[in-house]
Amino acid sequence: MPDLPLRLFNSLTRQLETFEPVHPGEARVYSCGPTVYNYPHIGNMRAYVFADVLGRTLSWKGYALTHVINITDVGHLTDDADAGEDKLEKAAAEKAQSIWDIAKHYTEAYWVDVKALNIRQPAHWSIATDYVPQMIAFAESIADKHCYELDSGLYFDVSTVADYGRLARAKTEDGEGRIEAVEGKRNAADFAIWRKTPPGETRQMEWDSPWGPGAPGWHLECSVMGEALLGFPFDIHTGGIDHREIHHPNEIAQNQARCCTNGLDDPLASGARIWMHNNFLVERSGKMSKSAGEFLRLPLLVEKGYHPLAYRLMCLQAHYRSELEFSWDGLGAALTRLKRMVLAAERFADAEEGGDPRHPRLAPFLDRFAAAMSDDLNTPLALTAFEEALAAKKIDPAARRAAIAEMDSVLGLGLLDLSRADLRLRPKDAELDEDDVEDALERRRDAREARDFSRSDAIREELAAKGVEVMDGDPLGWEWKL
Ligand code: AMP
Ligand code: ZN
């Protein structure tokens, strides 16, 4: 029942709302993308898995989806308010490289992770530096009524729009909790929309503007690219919960100024109808911090022998609005669960295409799946309906294949394309390779057939010493694991 109404939690109104597209039959979604000054950590990737599941759900429900994810290659300071340096300028200086090379390198690394996690390509990867003329035009259009100039840049006066900061959970109207980094600001929450290059300095990235050479503010980018590619108002804006406090309130204030709308009680005044935020992936020992030496990146998981889609499944096991705690045990459990799903799905991968997923014995599972996804993307519940559909007995293989394909189009685990062998990744530091293990197991099978049990036990011990556990009679059909 992809036609059930889709209910989504809107952070702006703080309630569940039924999705009603601004343009009939379409869904236009903007997701705040990465700042490409370093590799993304797996927490960042949770934000894109969430946005991907949202996009897949909208497509499954029949909306023509236009998804934009931006790449921030300028303007994001080391502090989300106006303190600190530009993250990219800083990384370029530290590595003595051109900022453009830094941005290219980390953008490409991000795209590798996107692909590994089965995150679909959005319609547009919008790159901030491609939109600087539009940013200047946007700033000029709101400057008279909403901005003032200081030596360091052009600032947005948050008192010129109604309801500033409604989205934020912290009390920010009076700037409480903000660092007053810039002298002369009228309100502590005022923010730069254009940062002038200080006299006597040159930045690697700077553009001429009516306010002198400089660079755009980070919040301006997203307002401009959202308007340019999706038009105001568009349907849904996403980001991680940290963006609820500063980045998105500032984007909303700019959008109000631009659209000449004021109070946020008009649901279309903020530029987007629904603002959605994923909760954080947390890791207690600090490995999520990009300043930690070996921080948690997707390739690290793979090096340790975990398939990237086990991480995707780990994300789906939690509701996107719940905090998710990372642990290696949790990831291991997700991998085992993925293996079970692959093992079940593998049997139907070659079944005829074009079966009817609404086979009477499958329909109840599909209905539960649809109800779960329609209820603010309840992926943990949808997963259990999916697993029950995989396990149900006596169902025509073509119908089952069709049901698997339908549910997987939403969850994106790629179950019909994965095989057991794909999931058996070898940790980088493992001493044996897969051929050695298979070879030893072959010798062990021969020994057992010859009823030479002491030899068979010796081979088992030999493997155990190298960290390989032999699993006789494992119901999953895995003969060994590391
Ligand atoms: P950034 O590259 O820092 O701008 O972050 C990219 C995206 O990841 C943003 O939507 C952030 O809100 C989100 N994000 C950052 N840290 C985490 C985390 N630990 N868990 C989930 N999302 C995060
Ligand atoms: Zn943004």
Side-chain angles (χ1 to χ4, degrees), residues 32-37 70-104 106-107 126-158 160-161 178-228 246-251 253-255 257-258:
C32 283
T35 304
V36 286
Y37 71 105
N70 72 281
I71 303 285
T72 294
D73 55 354
V74 65
H76 194 172
L77 304 190
T78 45
D79 184 285
D80 279 358
D82 289 313
E85 302 163 70
D86 185 297
K87 288 186 176 186
L88 272 115
E89 291 273 355
K90 184 166 179 262
E94 279 167 7
K95 298 195 165 73
Q97 278 180 21
S98 114
I99 224 169
W100 303 96
D101 291 344
I102 297 266
K104 182 168 182 287
Y106 292 117
T107 302
S126 62
I127 299 188
T129 47
D130 289 343
Y131 288 83
V132 176
Q134 289 96 316
M135 292 179 205
I136 293 173
F138 188 117
E140 279 187 292
S141 75
I142 63 172
D144 280 356
K145 278 194 182 162
H146 299 277
C147 304
Y148 57 94
E149 209 174 325
L150 296 177
D151 288 346
S152 53
L154 184 69
Y155 285 82
F156 191 98
D157 179 342
V158 299
T160 62
V161 290
R178 296 268 175 102
I179 310 161
E180 176 113 37
V182 181
E183 210 174 310
K185 280 210 285 191
R186 292 180 188 164
N187 314 286
D190 291 353
F191 55 92
I193 64 174
W194 187 264
R195 293 171 305 115
K196 297 184 202 173
T197 305
E201 259 183 45
T202 3
R203 286 183 181 148
Q204 280 199 44
M205 276 184 176
E206 62 176 19
W207 294 261
D208 281 331
S209 82
W211 314 282
W218 173 41
H219 319 297
L220 184 60
E221 302 174 0
C222 287
S223 281
V224 168
M225 293 186 281
E227 186 191 27
I246 297 178
H247 182 47
H248 289 170
N250 291 356
E251 248 190 273
Q254 292 166 157
N255 298 350
R258 173 77 166 170

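Sequential numbering from 1 along the given sequence is applied to the chain's residues. All values reported here derive from a predicted model rather than from experimental measurement.
- By the 30° and 60° cut-offs, the orientation of the rings of His247 relative to Trp218 is parallel.
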(request) Kindly indicate, with the supporting measurements, whether the criterion side-chain contact (heavy atoms from CB on, under 4.5 Å) is fulfilled by Lys196 and Glu149. (result) CA-CA 10 Å; Lys196 297 184 202 173; Glu149 209 174 325; 2.9 Å; yes
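- With hydrogens and angles ignored, the 3.5 Å screen pairs no side-chain donor or acceptor of Tyr155 with any backbone N or O of Gly184.
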(message) side chain to side chain donor-acceptor pair (under 3.5 Å) for Arg195 and Ser152? Distances and angles first, verdict last.
(response) CA-CA 6 Å; Arg195 293 171 305 115; Ser152 53; over 6 Å; no
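- One finds the OG1 atom of Thr107 at 5.0 Å from the CD1 atom of Ile71 (value rounded to the nearest 0.5 Å).
- Residues Ile127 and Asp73 form a side-chain contact, since some pair of their non-hydrogen atoms from C-beta on lies under 4.5 Å apart.
- Taking 4.0 Å as the cut-off between side-chain N and carboxylate O, Glu89 and Arg203 do not count as a salt-bridged pair.
- Note that CG of Leu154 is 9.5 Å distant from CG of Leu220, once rounded to the nearest 0.5 Å.
- Minimum heavy-atom separation, Ser141 to Arg258: OG-NH1, 2.7 Å.
- The CG atom of Asn250 lies 11.0 Å from the SG atom of Cys222; values are rounded to the nearest 0.5 Å.
- Taking every heavy atom of both residues into account, Trp194 and Trp207 meet most closely at CZ2-O, 3.5 Å.
- Of the inter-residue distances, the one linking Tyr37 atom OH with Asp86 atom CG reads 11.0 Å to the nearest 0.5 angstrom.
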(message) Could you go through Phe138 and Glu227, starting from their C-alpha distance and side-chain angles, then the distance that decides it, and tell me whether this counts as side-chain contact (heavy atoms from CB on, under 4.5 Å)?
(response) CA-CA 10 Å; Phe138 188 117; Glu227 186 191 27; 3.7 Å; yes
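- With respect to the salt-bridge test (charged N to carboxylate O, under 4.0 angstrom), the residues Lys185 and Asp190 do not qualify.
- Across all non-hydrogen atoms, the minimal contact from Asp208 to Ile136 is O-CD1, 3.3 Å.
- When all heavy atoms of Glu201 and Thr197 are compared, the closest pair comes out as O-CG2, 3.2 Å.
- In this structure, CD1 in Ile193 is found 7.5 Å from CZ in Phe156, a value given to the nearest 0.5 Å.
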(message) As a quick check of understanding, evaluate side-chain contact (heavy atoms from CB on, under 4.5 Å) for Val224 and Gln254, giving each step before the final call.
(response) CA-CA 9 Å; Val224 168; Gln254 292 166 157; over 6 Å; no
(request) Using the side-chain contact (heavy atoms from CB on, under 4.5 Å) rule, take Thr129 and Met205 through it: C-alpha gap first, then chi angles, then the decisive distance, then the call. (result) CA-CA 9 Å; Thr129 47; Met205 276 184 176; 3.9 Å; yes
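- A distance-only check finds no donor-acceptor pair linking the side chain of Asn187 to the backbone of Ala189 [under 3.5 Å].
- Shortest non-hydrogen contact noted between Val74 and Ala128 is CG1-CB, 4.3 Å.
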Which pairs would a plain distance check flag for residues 93-103, meaning a side-chain donor or acceptor within less than 3.5 Å of a matching protein atom at least two apart in sequence or in another chain?
from  : atom 1 : to     : atom 2 : distance (Å)
Lys95 : NZ     : Tyr106 : OH     : 3.4
Ser98 : OG     : Trp100 : N      : 3.1
Ser98 : OG     : Asp101 : N      : 3.1

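- Contact between Cys32 and Asn70 at its shortest, heavy atoms only, is CA-OD1, 3.3 Å.
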